[in-house]
Protein chains: 2
Amino acid sequence: MSKVEDALKAPSVRSRNPERTRAEILSEAVHEFAEHGFHGARVERITKAAKCNARMIYHYFGGKEQLYLAVLDSVYAQIRNREAQLRFGTADPITEARRLVEFTYDYFAENGDFLKMIRNENLLQGKYIKRSQMIRDMSQPFIAAIGELMERGYSAGVFSRKPDPVQLYVTVVALSAHHLNNAATLGTVVGQDLTDLSWQAERRDHAVEVVLSYLGIQTRG
Amino acid sequence: MSKVEDALKAPSVRSRNPERTRAEILSEAVHEFAEHGFHGARVERITKAAKCNARMIYHYFGGKEQLYLAVLDSVYAQIRNREAQLRFGTADPITEARRLVEFTYDYFAENGDFLKMIRNENLLQGKYIKRSQMIRDMSQPFIAAIGELMERGYSAGVFSRKPDPVQLYVTVVALSAHHLNNAATLGTVVGQDLTDLSWQAERRDHAVEVVLSYLGIQTRG
DNA sequence: CACTTAAGTAAATATCTTTTGATTTAATTT
DNA sequence: AAATTAAATCAAAAGATATTTACTTAAGTG
């Protein structure tokens with residue numbers, strides 16, 4: 001190869017940096033799997049985005065499946081960390097109930113890839129989440145905390161109900177997530193743009209009102 | 001080929017029946033696309049299930065994409081027909097609000113493929129639903145009917161709120177669908193089997209209570 | 001009953017995707 | 001500074017999947 005050709009294709013070798021390369025692959029894989037799902041995701045797109053060679057995925061992760069698993073673990077680990085920061089023990093039950101809804105709502109709104117990964121994982125019938133012990137253990141404390149909050153609010157006479165914590169959790173998540181998971185179809189069907197920020201702000205208020213009024217708290221009038 | 005071989009591979013020719021073949025392909029395609037999504041779906045699995053040759057998909061539908069579109073139209077057409085039977089004008093507003101939730105909940109519970117198709121269509125960012133004018137027009141009357149019901153209940157002094165019909169619709173759908181769409185991940189996370197029939201019966205009661213109490217209706221106490 | 005049409009079959013092709021083998025070379029260690 | 005390790009590249013094999021071509025034959029038609 002001539003000196004000229006050499007100069008043109010310039011830095012054909014990437015400087016070595018295992019941590020960075022691994023991290024970039026993982027980060028781009030989050031987007032790719034979130035956006036297209038496991039079957040729709042393309043190894044080539046990930047490597048292009050990570051500006052590295054396809055071989056590296058096999059080097060660092062073992063294959064497409066293992067990479068997917070690493071991505072799933074990674075997005076769950078992130079929300080677990082955030083949840084752990086929440087403590088429902090401090091303020092009065094009404095404030096805490098509101099915090100619960102707002103935290104959940106905001107986390108989903110701000111971390112689009114999390115819901116998208118979950119949507120795909122459910123399409124695969126939870127094939128991979130079942131393999132991850134880490135994820136299994138994660139939300140137990142969160143749900144336990146909700147149970148304690150319900151107990152506290154009810155015995156203080158502030159809540160008129162003491163719902164099953166799991167039902168309440170599923171409801172909070174449903175109210176916060178469904179319009180994001182189904183923005184395309186719902187938006188088409190109702191003729192509104194659900195990705196619009198003012199729509200989502202309305203949705204947030206609505207979600208809070210629904211949960212608080214279910215607990216028997218007057219939010220107006 | 002010998003007579004013996006002939007006899008062994010027996011009826012290698014399928015009796016001709018265009019309507020039946022087309023209908024069987026469509027029906028099996030609903031399951032395949034619902035179960036695996038567009039990218040996960042396999043043409044070969046569909047033809048095997050429909051007991052016909054892959055060529056027939058191209059003969060009757062033109063290709064995998066067009067078949068998917070036909071499936072999407074088909075599942076939406078089905079729910080549209082059911083919704084059209086509902087009329088919220090008759091009974092008192094409380095009963096009608098309850099009917100709204102119960103109808104939505106039951107339809108989703110009983111027609112698993114519908115939600116699954118929608119989940120996948122959202123993974124594809126609504127790529128195909130946007131092409132279907134039929135689906136666009138479909139839910140407008142349903143949402144209008146919800147709006148009228150809210151109006152009626154509020155002016156009769158039975159509801160304490162008059163929510164935006166779209167927000168209420170999204171909430172009813174969310175409460176009815178989220179645990180089905182996310183049964184695998186939620187089930188793992190909360191450590192319960194959300195596909196269990198008694199769990200789902202509880203969920204149904206819960207959904208009704210949430211919506212009715214939001215509208216300001218006492219469901220107990 | 002010849003004749004036409006299109007339903008159906010079988011096999012090959014064209015593509016697209018993941019994965020691996022062989023090799024180079026940057027960094028680290030002794 | 002030679003030797004070693006493993007990060008990175010390149011190219012192609014291996015695998016899977018959608019689609020098409022060429023052909024066969026059942027059913028309907030004048």
Side-chain angles (χ1 to χ4, degrees), chain A residues 1 5-29 31-33 35-71 120 124 127-128, chain B residues 1-2 5-29 32-33 35-71 120 124 127-128:
Chain A
M1 190 185 281
E5 279 167 330
D6 228 32
L8 278 172
K9 71 183 322 207
S12 82
V13 284
R14 179 194 178 102
S15 75
R16 297 194 169 194
N17 192 335
E19 291 82 14
R20 195 198 54 163
T21 301
R22 193 184 188 284
E24 270 180 7
I25 290 174
L26 188 66
S27 161
E28 296 300 339
H31 290 117
E32 180 68 14
F33 283 122
E35 222 50 56
H36 303 283
F38 181 79
H39 291 293
R42 292 292 167 258
V43 167
E44 200 197 349
R45 276 200 296 254
I46 296 173
T47 58
K48 260 189 183 165
K51 288 191 269 296
C52 75
N53 194 285
R55 191 73 184 73
M56 292 296 94
I57 286 181
Y58 297 88
H59 185 46
Y60 287 111
F61 295 92
K64 189 185 179 184
E65 274 207 336
Q66 290 98 317
L67 178 56
Y68 176 89
L69 238 166
V71 164
N120 181 69
L124 302 178
K127 184 174 174 188
Y128 298 98
Chain B
M1 189 184 283
S2 77
E5 279 167 329
D6 228 31
L8 280 173
K9 69 182 323 206
S12 80
V13 284
R14 178 195 177 101
S15 76
R16 298 191 171 197
N17 191 336
E19 290 82 14
R20 195 197 56 163
T21 302
R22 193 185 188 282
E24 269 180 7
I25 290 174
L26 188 65
S27 161
E28 296 300 339
E32 180 68 14
F33 283 121
E35 221 53 55
H36 303 284
F38 180 79
H39 291 293
R42 294 292 168 256
V43 167
E44 201 196 349
R45 275 200 297 255
I46 295 172
T47 58
K48 259 189 182 162
K51 289 192 267 297
C52 74
N53 192 285
R55 188 70 185 75
M56 291 297 94
I57 286 180
Y58 298 86
H59 185 46
Y60 287 112
F61 295 92
K64 190 185 180 186
E65 276 207 335
Q66 290 98 317
L67 177 56
Y68 176 88
L69 238 166
V71 165
N120 181 69
L124 302 178
K127 185 175 172 187
Y128 298 98

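If you're wondering where the values come from, they're calculated on a predicted model, not measured in any experiment. In what follows, chains carry the letters A, B, and so on, assigned in the order in which the sequence lines appear, proteins first and then strands, with residues in each chain numbered from 1.
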Straight-line distance of A:His39 NE2 to A:Tyr68 OH, nearest 0.5 Å: 9.5 Å
Tell me the interatomic distance from A:Glu19, atom CD, to D:dA7, atom P, rounded to whole angstroms. 9 Å
Expected list for residues 35-57 of chain A near DNA chain D, using heavy atoms below 4.0 Å, is A:Asn53, A:Arg55, A:Met56
Please pick, from D:dA7, D:dT19, C:dT19, the nucleotide with the shortest atom-to-atom distance to any side-chain atom of A:Lys64. C:dT19
Interatomic distance, A:His59 NE2 vs C:dT25 P [rounded to whole Å]: 17 Å
Considering residues at least two apart in sequence or located in another chain, which fulfil the side-chain hydrogen bond (donor to acceptor under 3.5 Å, both in side chains) criterion with A:Glu65? A:Tyr128
Would you kindly give the CZ-to-C1' distance between A:Phe33 and C:dT17, to the nearest whole Å? 13 Å
Just by modelled atom types, is the B:Glu24 backbone N or O under 3.5 Å from a matching donor or acceptor in the B:Lys51 side chain? no
Nucleotide D:dA26, atom C1' - distance to CZ of B:Arg20 in whole Å: 13 Å
When rounded to whole Å, the CD1 to C1' distance for the pair B:Ile25 and C:dT9 reads 13 Å
Which one of A:His31, A:Glu32, A:Met56 satisfies the side chain to side chain contact (heavy atoms under 4.5 Å, CB included) criterion with A:Ile46? A:Glu32
Can you measure A:Asn17 atom CG to D:dA7 atom P for me and round it to whole angstrom units? 11 Å
Please give, in whole Å, the distance from C:dT18 C1' to A:Leu67 CG? 13 Å
Side-chain donor/acceptor of B:Lys64 to backbone N/O of B:Ile57, under 3.5 Å: no
Check whether any side-chain N or O of A:Thr21 sits under 4.0 Å from OP1 or OP2 of D:dA7, and answer yes or no. no
Separation of atom CZ in A:Arg16 from atom C1' in D:dT9, rounded to whole Å: 11 Å
Apply side-chain contact (heavy atoms from CB on, under 4.5 Å) to residues A:Tyr60 and A:Gln66 and explain how you reach the verdict. CA-CA 10 Å; A:Tyr60 287 111; A:Gln66 290 98 317; over 6 Å; no
Does a side-chain N or O from B:Tyr58 land closer than 4.0 Å to OP1 or OP2 of D:dT21, or not? no
Can you establish whether the number of heavy atoms outside B:Glu44 located under 6.0 Å from its atom CD is more than 12? no
